[in-house]
S.K.: 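One structure coming up, written as structure tokens, with questions to follow.
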Amino acid sequence: MSSPRPARFTALVGVATHALEVAALGEGRYRIAIDGRERIVDCRETGAGTFSLLIDHAAAEVSVANRGDEFQVAVAGRTHRLRLLDERARRRHQRTGASDGARELRAAMPGKVVAVLVEPGARVERGQGLLVIEAMKMENEIGSPRTGTVAEVRVRPGQAVEAGELLARID
Amino acid sequence: MATSHSERPPFTRILVANRGEIAVRVMRACRELGIESVAVYSEPDRSALHVRQADHAYPIGPAAAAESYLRIDKLIAVALESRADAIHPGYGFLSERAAFAQACADAGVVFIGPSAHAIAAMGDKVEARRLMRKAGVPVVPGSDHALGSDGEVEKLASAIGFPVMLKAAGGGGGKGMRLVESPDQLKSALRAARSEARSAFGDDRVYVEKAIVRPRHIEVQVLGDTHGHVVHLYERECSVQRRHQKVIEESPSTALDEATRSEMGRVAVAAAKAVDYVGAGTVEFLVDQERRFHFLEMNTRIQVEHPITEAVTGVDLVKAQIEIAAGRPLGFEQADVVQRGWAIECRIYAEDPENNFLPAPGRIAVLRVPSGIGIRDDSGVYEGFEVSTHYDPILSKLVAWGATRDEAIGRMLRALGEYVIVGPTANVAFHRWALRHPAFRAGDIDTGFIARHFTPAALAEGTEADLPLIGAALAAIARGGTAVGANGAGPPGPPRSRWRELARREALRE
């Protein structure tokens, strides 16, 4: 009852990449190799999206939700975000070219622009505040997705923005 | 103030003019008292928890609060149509609008809260300072009246001496508030404070106070009845704040000795009596490093953090509000109120501590709520609920009680470890960080605690790095590969069918 052909994934966690191989051993057990390090995991899905794991008798629980290849995994109160690509998706990802962050800054949710903190042409560091947007009754500073130069700012203070709307481009 | 079973319920039907966890909290009190509850809901809130919890529910308009939860005319119309005899405003929304209290009175519906007069007196922050000083309540040195011109502000600021605090005259809650360290910062801070105050309160007048260095925010809960009795229910320490918003609260406070504690209680009662206060209210103080306390403002409503007072005093504050509004006497004296043990509250928000605390709404895919000894979770959400972008990002309030502070902290850490929220990103890990921090453990906190100590990197400590990867991979396999790699066009390729194969084999393993 063992699988000769493991499933392979590439996990993208922030800027790091990990190679995963998962082989089902039967009876809820899996051999999981992360960058070549093998671990035997005893797994039971104890609820929708929740998995009880025993790894060398150490007990852990993880809860998982995903939209496409974007995964959210809650472990001990912390939400981890990662992308999990199969081999085809990985090739596609390589072709489009992974950069150190998106060039386009888009609104994560509807809100109102309170302040614009940078001018086109400014040098910005990854994470540096570009805009302040009010949403859910709170003012939030929106950081740059990458280090680069502000190519354009598409919004003005006072302007309402929709989720997904382009706010700025960083080259 | 325990209602005996033989007693008639204080009201027949209460309209709860709010949403989320506080609406649910009020409805629970109603049910315990044998009162029917009436929910109101905006369009996206049709499936919200407070509608599910209520006995009756009425739509009041679109998502925007200004067109639904803030519409006095619609709320009064629903109260009359549903034949509610009282309205509970919760916190936020209309809870501190004198006009709403007045509209209720005019419609013959009891407003569960203080009089319109008391709300107005405390809502005007400058007028409140004047009243408090007259009542012998210590206030922070500063202006006696709202300052219209920038020149006036500059003159007064240099007279009191920097650093100073600019505050909105029209309302509190951190809006329009700016710390000004030196004269050269004054002009830009003034511009920002005025613009924020104008958009929040429709009033750009500000006033100036001496800034207290490394203040602790400590507030006192009071209850006043319609028979002239006012008692306090001791303090809540709310110094763990982010941008003037409370995040963690505890009762008692580690900062107070018995003498200061009882003096603050006495002063809070005097403050309430100065405006003939009726109902539950909170007198907020700033406490400096020398343990001198200064009146900050009075909140004329139930507070978010009221459960920690309930935990240490055993008084159900929401029920007390309802019974007081019905004209019943408090039924206990100051000497009957004792602090027992220690309680801590962590506000569970849909926000991402690793991404500048950005609100992170979304559908709750997985929700597991902690329980067990000493734990209370006042929630406004459920698994499958869509947390909307239109309202406050609060999901729930987790409260831990222990015989000692250490026990309460240990319990809270245990409960936070049990809390699972997937979908929206929640700040659970942030709370674990804060409660483990040596400064918090030592009670060495002030309103700058988070700004001074927190870095997102601190959250990464102690997490098993492999677990998220293992979890994601196993979930992908359990879902038969339908999710992974499915965002591209074209027919499913070999890797996907291989996952299906793995999943099938798994399914057949028995």
Side-chain angles (χ1 to χ4, degrees), chain A residues 1 3 5 7-9 11 13 18 20 22 24 26-28 30 32 34 39 41 43 45 47-51 53 55 60-66 68-69 71-80 82 84-89 92 108-111 135-143 163, chain B residues 243 245 350-352 354-361 365-366 368 389-393 416-417 419-423 425-426 428-429 431-432 459-460 462-464 466-479 481 483-488 493 495-496 498-499 501-502 505-506 509:
Chain A
M1 198 77 189
S3 163
R5 287 194 304 171
R8 291 197 175 80
F9 305 93
V13 187
H18 301 282
L20 268 69
V22 184
E27 310 205 336
Y30 295 84
I32 301 181
I34 299 172
R39 314 191 70 166
V41 179
C43 168
E45 188 162 5
T50 297
F51 300 86
L53 308 179
I55 306 172
E61 196 147 72
V62 296
S63 295
V64 188
N66 72 299
D69 59 16
F71 280 71
Q72 276 188 50
V73 187
V75 185
R78 186 161 172 240
T79 302
H80 302 259
L82 57 102
L84 202 60
L85 307 175
D86 62 28
E87 283 165 78
R88 257 166 18 111
R92 200 164 48 235
M109 66 195 70
M136 296 180 91
K137 297 174 69 188
M138 310 228 287
E139 289 188 3
N140 304 287
E141 197 173 283
I142 312 295
Chain B
R243 297 205 217 164
Q245 300 289 326
E351 63 180 23
D352 186 356
E354 290 176 76
N355 190 11
N356 216 357
F357 293 93
L358 207 65
V366 182
R368 265 210 330 283
T389 54
H390 298 289
Y391 311 108
D392 236 48
L416 288 165
Y419 222 132
V420 179
I421 302 165
V422 184
T425 299
V428 173
H431 286 300
R432 285 166 67 95
L459 298 183
T463 317
E464 231 264 47
D466 285 353
L467 284 176
L469 300 173
I470 291 171
L474 291 171
I477 287 168
R479 280 155 211 189
V484 183
N487 57 346
R496 281 181 61 189
R498 195 149 69 227
W499 297 327
E501 197 181 307
L502 272 165
R505 217 174 278 138
E506 267 309 286
R509 69 186 143 79

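Within every chain, numbering begins at 1; the chains are lettered A, B, ... in the order of the sequence lines, protein sequences first and strands thereafter. What you see below is based on every heavy atom in this structure, not just the backbone, and it leaves out hydrogens, waters and symmetry mates.
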S.K.: Measuring only between side-chain heavy atoms, which start at C-beta, is B:P468 closer than 4.5 Å to A:V13?
M.R.: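 Result no, sub-4.5 Å side-chain heavy-atom pair not found.
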
S.K.: Heavy-atom distances under 4.5 Å only: say whether A:A60 touches chain B with side chain, backbone, both or neither.
M.R.: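 Contact with chain B: side chain only.
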
S.K.: Please classify the contact of A:V41 with chain B as side chain, backbone, both or neither, using a heavy-atom distance under 4.5 Å.
M.R.: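 Contact with chain B involves the side chain of A:V41 alone.
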
S.K.: Between CZ of A:R78 and OG1 of B:T425, what distance do you get to the nearest 0.5 Å?
M.R.: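 It is 11.0 Å, given to the nearest 0.5 Å.
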
S.K.: What heavy-atom pair brings B:A478 and A:E45 nearest, and what distance separates the two atoms?
M.R.: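 Where B:A478 meets A:E45 most closely, the heavy atoms are CB-OE1, 3.7 Å.
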
S.K.: Measure A:Q72 against the heavy atoms of chain B and call it side chain, backbone, both or neither at under 4.5 Å.
M.R.: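 Both parts, backbone and side chain.
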
S.K.: Of all heavy-atom pairs between A:V64 and B:R479, which one has the smallest distance, and what is that distance?
M.R.: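 Nearest heavy atoms, A:V64 then B:R479: O-NH2, 3.1 Å.
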
S.K.: State, to 0.1 Å, how close A:F71 and B:A472 come at their nearest heavy-atom pair, and which atoms those are.
M.R.: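 Looks like CE2-O, 3.6 Å.
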
S.K.: Between B:L358, B:L469, B:D352, B:N355, which residue shows the highest count of heavy-atom pairs closer than 4.5 Å to chain A?
M.R.: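 Between B:L358, B:L469, B:D352, B:N355, the count favours B:L469.
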
S.K.: Quick one, A:E61 and B:V420 - any side-chain contact, counting heavy atoms below 4.5 Å?
M.R.: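 No. Closest side-chain heavy atoms not under 4.5 Å.
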
S.K.: What residue, out of B:A360, B:A426, B:P361, has the most heavy-atom pairs lying under 4.5 Å from chain A?
M.R.: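 So the answer, after comparing B:A360, B:A426, B:P361, is B:P361.
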
S.K.: Please find the pair of heavy atoms, one from B:R368 and one from A:S63, that lie closest to each other, and give the distance.
M.R.: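 Closest pair (atom of B:R368, atom of A:S63, distance): NH1-OG, 3.8 Å.
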
S.K.: Among A:V62, A:I55, A:L20, which one satisfies side-chain contact (heavy atoms from CB on, under 4.5 Å) with B:I470?
M.R.: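 Option passing the side-chain contact (heavy atoms from CB on, under 4.5 Å) with B:I470: A:I55.
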
S.K.: Between B:I421 and A:A74, what is the shortest heavy-atom contact and its length?
M.R.: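 Result for this residue pair: O-CB, 4.3 Å.
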
S.K.: Any chance you could measure B:I477, atom CD1, to A:I32, atom CD1, to the nearest 0.5 Å?
M.R.: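 Rounded to the nearest 0.5 Å, the CD1-CD1 separation comes out at 7.0 Å.
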
S.K.: Grab the two heavy atoms, one from B:A476 and one from A:L84, that are nearest each other, plus how far apart they are.
M.R.: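 Answer, listing the atom of B:A476 first, then A:L84: CB-CD2, 3.9 Å.
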
S.K.: Does any heavy atom of chain B fall under 4.5 Å from the side chain of A:T50, the backbone, both, or neither of them?
M.R.: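 Side chain of A:T50 only, per the 4.5 Å heavy-atom cut-off to chain B.
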
